[in-house]
Amino acid sequence: MRVSRFYMPLLRETPAEAQIVSHRYMLRAGLVRQASAGIYSWLPLGFRVLSKIEQIVRVEQDRAGAIELLMPTLQSAELWRESGRYDDYGKEMLRIKDRHERDLLYGPTNEELITDIVRSTVRSYKELPRILYHIQWKFRDEIRPRFGVMRGREFLMKDSYSFDLDAAGARRSYNKMFVAYLRTFARMGLKSVPMRADTGPIGGDLSHEFIILAETGESQVYCHKDLVDMPVPEAVDFDGDLEPIIRQRTSLYAATDEKHDGDTFAQIPAEKQLAARGIEVGHIFYFGTKYSKPMNAKVAGPKGEDLLLEMGSYGIGVSRLVGAIIEASHDEQGIIWPEAVAPFRVGLISLKVDDEATRKVCEDLYGKLENAGVETLYDDTEERAGAKFSTFDLIGLPWQLIVGPRGLAQGLVEIKNRKTGERQTLPPEAALNFLTRKS
RNA sequence: CGGGGCGUAGCGCAGUCUGGUAGCGCAUCUGCUUUGGGAGCAGAGGGUCGCGUGUUCAAAUCACGCCGCCCCGACCA
């Protein structure tokens, strides 16, 4: 993409309303624009990141055996009356009336809807277990939206729902999502730590929040240091026994502020104690028959008996992750995108557009990078060099490929690694090899 | 929802107390110069001062009402 044809409205100054770093950079780098309180338009750069995160989530869900579908944003109040949540949910739920005065709501979550779908289409135990998911916009009318997309009212969420015949099966489904989440966040360049979470009325130990560590995180968290750098399980057989992985991850202490127990924490060797700030990016839990019972969702078992469905649900805050990643990865100059979610991989910076040699080399490199499938943002504008450097540091593409007459006089261009700041000077062809090799 | 604050050009702000021709910086446009870390000079464009009602000869400024947004708290993917 050429900057001269792209749409990337940057802000040189920080809007007054943005308090935290991710919000500031998201506005300044032109990722989003606030439409109203807690509701954002996604501009091209931000939309590309959002799409990449979404795709990583999708691939890892599929890999774990979950099946994608898509449910609507607007739901009828009827189902929610059935589960009893229409009255319970309170003002967080946005309620709407259509022209016939029928009660609708903008879905804050989808347990009722998915339960309705499954109960009316699944008849036999032979069709289970299943994990179904969708990635859809939700709305929760937060009392006070803040922190940009980190706590908006409208947000993009991946939510999965598992349907099993018994509690043991539900646990297997839970474990699949647990492992899928570890892999998902790791692929985005994040270190996530599962922490025991409130299980509500069901009890048991089957609820975890996935927290990523960031200095500016919203909540205080405590955990054993070994959890942070624990390697992510590769080549997982999701149909095999996942318990060992779960045990390894849950046997060490990890808790958010609300669940923190100072005494237990104190028993960890001092050098292994980690008190840090964190951001919740995922939440998984098992809730048994909480919805299947009131909504009468059951299938015929092997002996013809009725079996109530055992369910769990599993959320990932997709839009929140955009902010969370920036919180976890930035510096004074701007965003530092992990490669997997960067809007472009390479920023090709022409330092002198009206220099013929520079133009020729840039055009050549740009064409070859594009042909090699390397997503490249090519700054072919007449801006001054300093302005371009600042811009590219701000938008945080992983690699900058810098081409100017001074270097070309020796037949050289420069590659800068945004994260480490390391630069190397080398001939254009070598730079091309370097940047295409690592994709 | 309780408490606090803000709304003036695309962004950041001054002007409001004490009513009297709407300003500054950045950005934008034009020209010249400049050109490897947010250039300089000269010029130009851009505003129903959030909306409404009232007070007044006169309202960005005073009064009342409404709307929007932000911050702190309680709540949350």
Side-chain angles (χ1 to χ4, degrees), chain A residues 9-20 23-24 27-28 30 33-39 53 57 89-93 107-110 135-160 181 185 197-198 207-212 218-219 256-258 278-285 313-324 332-334 349-355 358 379 381-395 400 402-410 412-414 416 421 423 425:
Chain A
L10 305 178
L11 262 37
R12 187 148 168 183
E13 287 169 276
T14 303
E17 74 267 17
Q19 299 296 310
I20 61 166
H23 193 193
R24 288 203 294 266
L27 293 173
R28 282 199 53 208
R33 232 187 114 75
Q34 179 164 307
S36 67
I39 302 176
I53 292 173
V57 171
Y89 218 91
K91 291 192 169 179
E92 270 208 349
M93 186 155 76
T109 176
N110 288 64
I135 300 173
Q136 178 62 291
W137 290 92
K138 307 284 191 291
F139 193 91
R140 291 183 193 169
D141 201 356
E142 294 280 342
I143 296 169
R144 181 152 90 88
R146 57 183 135 172
F147 304 149
V149 300
M150 297 260 290
R151 191 173 323 157
R153 294 194 294 172
E154 188 184 53
F155 56 97
L156 186 60
M157 179 174 169
K158 186 285 300 178
D159 40 328
S160 309
Y181 276 32
F185 299 127
D198 216 332
S207 178
H208 287 89
E209 291 180 6
F210 283 73
I211 305 281
I212 64 162
E218 55 187 345
S219 45
T256 57
D257 214 9
E258 308 86 65
I279 301 167
E280 181 184 354
V281 290
H283 196 164
I284 61 178
F285 52 95
S313 73
Y314 316 89
I316 290 180
V318 175
S319 50
R320 159 177 274 207
L321 271 165
V322 179
E332 290 297 305
Q333 267 55 249
I349 302 175
S350 169
L351 293 180
K352 196 167 165 63
V353 188
D354 52 9
D355 178 71
T358 303
D379 195 340
T381 65
E382 291 177 24
E383 274 296 330
R384 302 169 63 82
K388 290 185 178 182
F389 290 137
S390 295
T391 294
F392 277 81
D393 283 348
L394 174 65
I395 67 175
Q400 294 171 14
I402 301 161
V403 181
R406 190 178 297 176
L408 285 182
Q410 277 96 54
L412 298 173
V413 299
E414 189 178 13
K416 175 181 163 185
R423 298 162 181 274
T425 306

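Hydrogens, waters and symmetry mates are skipped; everything else that's a heavy atom, side chains included, is used. Letters A, B, ... mirror the listed sequences (proteins, then strands); counts begin at 1.
With a cut-off of 3.5 Å on both pairing distances, the Watson-Crick or G-U wobble partner of B/rC32 is B/rG40. Nucleotide B/rG73: paired with B/rC1 (Watson-Crick or G-U wobble, both distances less than 3.5 Å). Nucleotide B/rC62: paired with B/rG54 (Watson-Crick or G-U wobble, both distances less than 3.5 Å). B/rG7 is paired with B/rC67 under the Watson-Crick or G-U wobble criterion, all donor-acceptor distances under 3.5 Å. The pairing partner recorded for B/rG12 is B/rC24, the criterion being a Watson-Crick or G-U wobble arrangement whose two distances lie under 3.5 angstrom. Across every strand in view, B/rU48 sits unpaired, with no contact that passes the Watson-Crick or G-U test at under 3.5 angstrom.
No engagement by A/D159 is indicated, since no non-hydrogen atom pair under 4.0 Å with the nucleic acid exists. Base contact: A/G152 has a heavy atom under 4.0 Å from a base atom. Among the protein residues, A/R153 comes within range of no part of the nucleic acid, since none of its heavy atoms lies under 4.0 Å from any strand. Using a 4.0 Å heavy-atom cutoff across all strands shown, A/G282 reaches sugar-phosphate atoms only and no base atom. Nucleic acid contact for A/E17: sugar-phosphate only, since backbone atoms but no base atoms lie under 4.0 Å from a heavy atom of the residue. Residue contacts for A/Q19: at a heavy-atom cut-off of 4.0 Å it reaches the sugar-phosphate backbone alone, with no base atom in range. Nucleic acid contact for A/T14: sugar-phosphate only, since backbone atoms but no base atoms lie under 4.0 Å from a heavy atom of the residue. A/A16 comes within 4.0 angstrom of sugar-phosphate atoms only, judged by non-hydrogen atoms across all strands, and of no base. The residue A/G404 sits close to a base: some heavy atom pair falls under 4.0 Å. Counting non-hydrogen atoms under 4.0 angstrom, A/S36 reaches the backbone sugars and phosphates but no base.
Here, B/rG3 and B/rG12 have their P atoms 28 Å apart, quoted to the whole Å. Using C1' as the reference atom, B/rC17 and B/rC76 are 42 Å apart when rounded to the nearest Å. With C1' as the reference atom, B/rC49 and B/rG15 are 11 Å apart, rounded to whole Å. When the P atom is used for both B/rC41 and B/rA14, the distance is 25 Å, rounded to whole Å. When the C1' atom is used for both B/rG10 and B/rC1, the distance is 35 Å, rounded to whole Å. Nucleotides B/rG36 and B/rU21 have their P atoms positioned 47 Å apart, rounded to a whole Å. When the C1' atom is used for both B/rG68 and B/rC51, the distance is 10 Å, rounded to whole Å. B/rU55 sits 15 Å from B/rA63 when the P atoms are compared, rounded to a whole Å.
One interatomic measurement links the two molecules: CD of A/E92 to P of B/rA77, which rounds to 9 Å at whole-angstrom precision. Straight-line distance from the CZ atom of A/F147 to the P atom of B/rC70: 12 Å, rounded to whole Å. Counting to the nearest Å, the C1' atom of B/rG38 and the CD atom of A/E332 are 16 Å from each other. If you measure from atom NZ of A/K138 to atom C1' of B/rC76, you get 15 Å, rounded to the nearest angstrom. A/E280 has its CD atom 13 Å from the C1' atom of B/rC75, to the nearest Å. The CZ-C1' distance, from A/R24 to B/rC70, rounds to 14 Å in whole Å. Between A/F139 atom CZ and B/rA77 atom P there is a gap of 16 Å when expressed in whole angstrom units. Rounded to whole Å, the distance from CD on A/E142 to P on B/rC1 is 15 Å.
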Review point. When you look at A/R153 and A/S36, which way does the side-chain contact (heavy atoms from CB on, under 4.5 Å) test go after all the steps?
Key: CA-CA 10 Å; A/R153 294 194 294 172; A/S36 67; 4.1 Å; yes

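The base of B/rC76 is paired with the side chain of A/R151 by a donor and an acceptor separated by under 3.5 Å. Scanning atom types as modelled, no donor and acceptor separated by under 3.5 angstrom connect the side chain of A/R146 and the base of B/rG73. Residue A/E383 places no side-chain atom within donor-acceptor reach of the base of B/rG38, judged by atom type and a 3.5 Å distance cut-off alone. For a distance-only test at 3.5 Å, the side chain of A/R28 fails to qualify as a donor-acceptor partner of the base of B/rG12. Contact annotation: side chain of A/R12 to base of B/rA27, donor-acceptor pair absent below 3.5 Å.
A donor-acceptor distance shorter than 3.5 angstrom exists from the side chain of A/K158 to the backbone of A/Y314, with no hydrogens or angles considered. Formation of a donor-acceptor pair under 3.5 Å by the A/K388 side chain with backbone atoms of A/S350 is found in this model. For the pair A/R320 (side chain) and A/M150 (backbone), a donor-acceptor distance under 3.5 Å is present.
If you check the side chains of A/S207 and A/H283, you find a donor sitting under 3.5 Å from an acceptor. Side-chain polar atoms of A/D393 and A/Q400 form a donor-acceptor pair below 3.5 angstrom. No side-chain donor-acceptor contact under 3.5 Å links A/T381 and A/E383.
Of all nucleotides listed (B/rC75, B/rG38, B/rG37), B/rG37 comes nearest to the side chain of A/K416. Set against B/rC11, B/rU35, B/rG37, the side chain of A/R384 has B/rU35 as its closest nucleotide. Comparing atom distances between the A/S390 side chain and each of B/rA77, B/rG25, B/rG38 picks out B/rG38 as nearest. You'll find that the side chain of A/R144 is closest to B/rC72, out of B/rC72, B/rA77, B/rU34. Listed nucleotides B/rC70, B/rC1, B/rA77 differ in distance to A/K91; the shortest reach to its side chain belongs to B/rC1. Across B/rC1, B/rG38, B/rC69, the shortest atom-to-atom separation from the side chain of A/I143 is found for B/rC1.
Look at A/Q34 and you'll find a side-chain N or O under 4.0 angstrom from OP1 or OP2 of B/rC70. The side chain of A/R140 contributes no N or O atom lying less than 4.0 Å from OP1 or OP2 of B/rC76.
Here the options are A/I349, A/L351, A/D379, A/T358, the test is side chain to side chain contact (heavy atoms under 4.5 Å, CB included), and the partner is A/V403; only A/T358 passes.
When the nearest nucleotides of RNA chain B are assigned to A/A385 and A/F155 by heavy-atom distance, the more 5′-ward of the two goes with A/A385. Along RNA chain B, the nucleotide nearest to A/A35 and the one nearest to A/L412 differ in position, and the one closer to the 5' end is contacted by A/L412.
For the pair A/Y181 and A/V281, the minimum side-chain heavy-atom distance is 4.5 Å or more. When side chains are defined from C-beta on, A/R151 counts as touching A/E142, because their heavy atoms get closer than 4.5 Å.
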